[in-house]
Amino acid sequence: MPHLRASDLMDKFVTTLSPQTDIHTAMHSLLKKKLSGAPVIDERNRLIGILSEKDCLKLVASAAFERLPEGKVCDYMTTDVVTLTPRSTVYDVVDRFLRSSFRRLPVVDENEEFLGVVSRSSVVKAVAAMRDRAELYRTPSSLPPQEVGAGVDSAMRRARGR
């Protein structure tokens, strides 16, 4: 599992928003696609923010002082975004999730170019898939009874198919 990186876990095909999109249009897009948020990307494909359901609730606060809240995504989005790099290990990813309330974390390269999103569920799926391959864990329950406590030589022979 230590070999898993954010680049292995991320979804590259995600809905993104433009900062100039009307906030109501963006909200309808999130609702239609059943998303809790989306990365906001500029014209050079750089991540500049996230629009979440929580950000959309700011419209309610605006309505307390104005009749019809208006604006663009850039007026409501969160700009202080927690990100991952493609080389972030699965342990780094899990640590970021455990230290925040976010369900998805964007992956950006060294130029802040948006590459994809890692979700909590993609990490859980990867861990579950690894658990299904118990031989990778080398736990006694994953070994045939005669191989419990077998050494490196036995493991090497098994790996070579002998």
If you look at every heavy atom in [X] and [Y], which pair is closest and at what distance?
X: A26; Y: T21; value: N-CG2, 4.0 Å
X: L35; Y: E53; value: O-OE2, 4.1 Å
X: M77; Y: I48; value: CE-O, 3.7 Å
X: T15; Y: A38; value: O-CB, 3.5 Å

Among L4, L9, L105, which one satisfies side-chain contact (heavy atoms from CB on, under 4.5 Å) with V123?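 Exactly one pass, corresponding to L9.
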side-chain contact (heavy atoms from CB on, under 4.5 Å), paired with F114, selected from V40, D42, T16: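 Running side-chain contact (heavy atoms from CB on, under 4.5 Å) over V40, D42, T16 with F114 returns exactly one hit, T16.
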[X] side chain near [Y] side chain, heavy-atom distance below 4.5 Å:
X: I41; Y: L17; answer: no
X: V73; Y: S18; answer: no
X: M10; Y: L115; answer: yes
X: Q20; Y: C74; answer: yes
X: L59; Y: H24; answer: yes
X: L84; Y: V118; answer: yes
X: D75; Y: K72; answer: yes

Hydrophobic cluster membership, [X] vs [Y], 4.5 Å side-chain cutoff:
X: I23; Y: L31; result: no
X: V127; Y: V124; result: no
X: V14; Y: M27; result: no
X: F102; Y: V93; result: yes

Distance check, rounded to the nearest 0.5 Å: [X] atom [atom1] versus [Y] atom [atom2]?
X: C56; Y: H28; atom1: SG; atom2: NE2; value: 10.5 Å
X: S119; Y: F97; atom1: OG; atom2: CZ; value: 6.5 Å
X: S36; Y: R103; atom1: OG; atom2: CZ; value: 5.0 Å
X: T79; Y: I50; atom1: OG1; atom2: CD1; value: 11.0 Å

Which residue pairs pass the salt bridge (charged side-chain N to carboxylate O under 4.0 Å, His left out) test with at least one member in residues 7-24, sequence neighbours excluded?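 Of all non-adjacent pairs touching residues 7-24, none passes salt bridge (charged side-chain N to carboxylate O under 4.0 Å, His left out).
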Applying salt bridge (charged side-chain N to carboxylate O under 4.0 Å, His left out), which residue pairs with at least one partner in residues 108-118 are found, sequence neighbours left out?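 Sorted result for residues 108-118: empty, none.
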Presence of salt bridge, K58 and D55, under 4.0 angstrom: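 Salt bridge present between D55 and K58.
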With sequence neighbours left out, write down each residue that passes salt bridge (charged side-chain N to carboxylate O under 4.0 Å, His left out) with D95, or none if nothing qualifies.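 D95 satisfies salt bridge (charged side-chain N to carboxylate O under 4.0 Å, His left out) with R99 only.
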Are the side chain of T78 and the backbone of D80 linked by a donor-acceptor contact shorter than 3.5 Å?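 Checking the backbone N and O of D80 against the side chain of T78, no donor-acceptor pair under 3.5 Å is found.
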Could you go step by step and tell me if V117 and V107 meet the side chain to side chain contact (heavy atoms under 4.5 Å, CB included) rule? CA-CA 6 Å; V117 171; V107 180; over 6 Å; no
